[in-house]
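What follows is a single structure, written as structure tokens, with notes after it.
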Amino acid sequence: MRVRLAPSPTGTLHIGTARTALFNWLYAQHECGKFLLRIEDTDKERSKPEFTSNILEGLEWLGLKWDEEPIVQSKHIETHRASIRKLIDSGLAYRCYATEAELEEMRNAQKAAGQASRYDNRHRDLNPKQESLFIEEGRSSVIRFRIEDEELINWNDLIRGHMSWKASDLGGDMVISRRAPADQIGDPLYNLVVVVDDASMGITHVIRGEDHIANTAKQILLYKALGLKAPLFAHTPLILNQEGKKLSKRDGVTSISDFREMGYTPEALANYMTLLGWSVPEGMDEKFTLKEAAKVFSLERVNKAGAKFDWDKLNWLNSQVIHNWSSEVLLSALEPLWEKEGWKYENKDWGLTLASLIGPSLTLLKDGISESRPFFENPSLQSDGLQQLDSENAKIALRCLLNNLQKTPWDGIDLNEGKNLISQSAEDASVKKGLLMKTLRAALLGRMQGPDLMTSWSLLARIRQDINRLSRCI
Ligand code: GLU
């Protein structure tokens, strides 16, 4: 059992392609088959090496490692041409000399008559004399594959069940190579190339988006014409936006590298993408690892209907993943973000404590920047913090605490010490402990919301930041 992902390196790894990769990978894992990669770089103008790198990096980051060396499609162009020659020799393909202007005229006439646009097969049976006239005129030609209108193309789709497609709906004889001088074969085109490559790679199952259904019908005809065994097909549902339309660049983030940049974890994103179109078997949690999903993955549980992208669910899964990390793992994920901000810390234990302090409030990794900021930079006083500092007796209480703190410098190692300091100072100032604690939060962190006060204080005390922050508020 061999499946493949065949991305075109004409853009970054799109979530739709990544989800196709994921279903292929899960299926291969489940069936102990191979997951292969083919870079479809035949569009020379739009294909870029940086997009290939982006795609490979994205797949690796998601944990979708491929088997065998990736196939680079453009290296096999002569094999593709050989198949085209074979089709010409067997009378199943022919040269079409129609000019762009003639084709345009044909389409306009069809439009005016209210007909669907299709090639009218005008050069299907040129006699040698007509053909030499065109060549003498210096016309170039494309090569077209004969599609017999009366044929019905059937296949048993592994997701959608019985599929049937009328050949007459395929738009007439299909172009399989680009325009070129009449004595040459131009660049072979997608449907032909995919068939030749899938066959030579021994692909047994083609799992791809439902936007390829019409291509599948065309490809089945090509397999037959070339005497090749067609693989089994499975067409996955599209990923839709909130309006129920195909998710596109206009919906904002769609590249895997963008999700990565935004602070999504590969675990959560892969988990979420699996749920985009696949329903978990009964009794299985919606939060799972790829390994767990691979154990039970089947194409029967892939839905036919499009899958709406749900940011809340993705965010929830992401927070679950982060909250389950050990402080060591979290710290190593936060470190590059801190580094980018120019934030350094000296003591590993301090870093670990900060990571576990802010961990529970993170949805995205990048939230780790705003949550950590008050521990690396003096926070500005927010309006709720200012209000607290201005409340009755707040400053007196803070002053008492500062006095006591200066007498018994607290290095923040012993939380009890800190608690004693608060009790003592509240008593000295004749205020409630609660008032002092709230005021201390305002002074240390600048706002009233935030992580555990005592741990925050102890971290700031250890880098000698507490006294400064208290002093500036008095
Ligand atoms: N290069 C095609 C794409 O990216 C591949 C489609 C296929 O899987 O055959 O859409």
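Start at 1 and go down the list; that is how both ligands and their atoms are numbered. Source: prediction; values computed, not measured.
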Note, Arg122 side chain near Glu102 side chain (heavy atom, < 4.5 Å): yes
List ligand 1 atoms under 4.0 Å from [X], heavy atoms only on the residue side.
X: Arg208; result: 7 (C), 8 (O), 9 (O)
X: His212; result: 6 (C), 10 (O)
X: Glu40; result: 1 (N), 2 (C), 5 (C)

Tell me the protein heavy atom at minimum distance from atom 8 (O) of ligand 1, and give that distance in Å. Arg4 NH1, 2.6 Å
How close does the nearest protein non-hydrogen atom get to atom 5 (C) of ligand 1, and which residue and atom is it? Ala6 O, 3.1 Å
Evaluate the ring planes of Phe297 and Phe23, with Trp represented by its six-membered ring, and classify them as parallel (under 30°), tilted (30 to 60°) or perpendicular (over 60°). tilted
How close do Phe233 and Gln219 get, counting heavy atoms only, and between which atoms? CE2-OE1, 4.5 Å
Checking the N or O distance criterion of under 3.5 Å, is ligand 1 in contact with Val194? no
Would you check if the side chain of Asn241 reaches a backbone N or O of Phe309 as a donor-acceptor pair within less than 3.5 Å? no
Tell me which one of Arg124, Arg146, Arg144 satisfies side-chain hydrogen bond (donor to acceptor under 3.5 Å, both in side chains) with Asp173. Arg124
